[in-house]
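Since the structure comes first, as structure tokens, the remarks are kept for the end.
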Amino acid sequence: MKTKPKLTVVAVTDEEARAEVQAWEDSHLGYDRTNYVDYFRDETGELIETDGFFRAAQMYSELRAADKTA
């Protein structure tokens, strides 16, 4: 039987979201919200959907949500 993965909801402040994004961008020079997906492409341009990719996508999604509420 297939079971659904557990879902965890974590409250993140605007400051925490921005700090996490800044830390990621500091460690991945040249990449930001406009092109972070390119960091996860291989030499042929194929997107490699790693855990890091999904975490970055989540991180930028949280930042977008924070910007909309500001």
Side-chain angles (χ1 to χ4, degrees):
M1 175 193 303
K2 196 171 190 180
T3 60
K4 293 183 179 181
K6 292 181 180 180
L7 179 66
T8 303
V9 177
V10 178
V12 178
T13 66
D14 292 353
E15 294 79 21
E16 290 170 329
R18 291 180 205 294
E20 185 176 10
V21 166
Q22 189 62 54
W24 191 90
E25 290 176 354
D26 289 347
S27 64
H28 300 83
L29 296 177
Y31 295 96
D32 59 23
R33 74 170 66 195
T34 65
N35 67 350
Y36 75 92
V37 173
D38 294 335
Y39 180 79
F40 299 97
R41 295 190 186 280
D42 65 14
E43 59 278 348
T44 67
E46 188 74 24
L47 182 63
I48 307 300
E49 295 179 336
T50 62
D51 288 342
F53 166 75
F54 288 111
R55 182 61 202 126
Q58 178 66 33
M59 176 184 64
Y60 280 110
S61 175
E62 291 169 1
L63 183 62
R64 273 193 306 279
D67 287 345
K68 287 181 181 179
T69 61

Tell me every residue that passes side-chain hydrogen bond (donor to acceptor under 3.5 Å, both in side chains) with [X], counting only those two or more places apart in sequence or in another chain.
X	answer
Thr44	Asp42
Asp26	Gln22
Thr34	Asp32
Asn35	none

Residue pair Glu20, Arg55: steps toward the side chain to side chain contact (heavy atoms under 4.5 Å, CB included) verdict: CA-CA 11 Å; Glu20 185 176 10; Arg55 182 61 202 126; 2.6 Å; yes
Please name all residues satisfying salt bridge (Lys or Arg N to Asp or Glu O under 4.0 Å) with Asp38, sequence neighbours left out, ordered by chain then number.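 Checked Asp38 against salt bridge (Lys or Arg N to Asp or Glu O under 4.0 Å); matches are Arg41.
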Got a sec, which hydrophobics cluster with Phe53, joining ILVMFWY side chains under 4.5 Å apart, including via others? Val21, Trp24, Tyr31, Tyr36, Val37, Tyr39, Phe40, Leu47, Phe54, Met59, Tyr60, Leu63
Hey, is the main chain of Ala23 close enough, under 3.5 Å, to the side chain of Ser27 for a donor-acceptor pair?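 Such a contact is found between Ser27 side chain and Ala23 backbone.
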Inter-residue atom distance Glu62.CD - Glu16.CD, 0.5 Å rounding: 9.5 Å
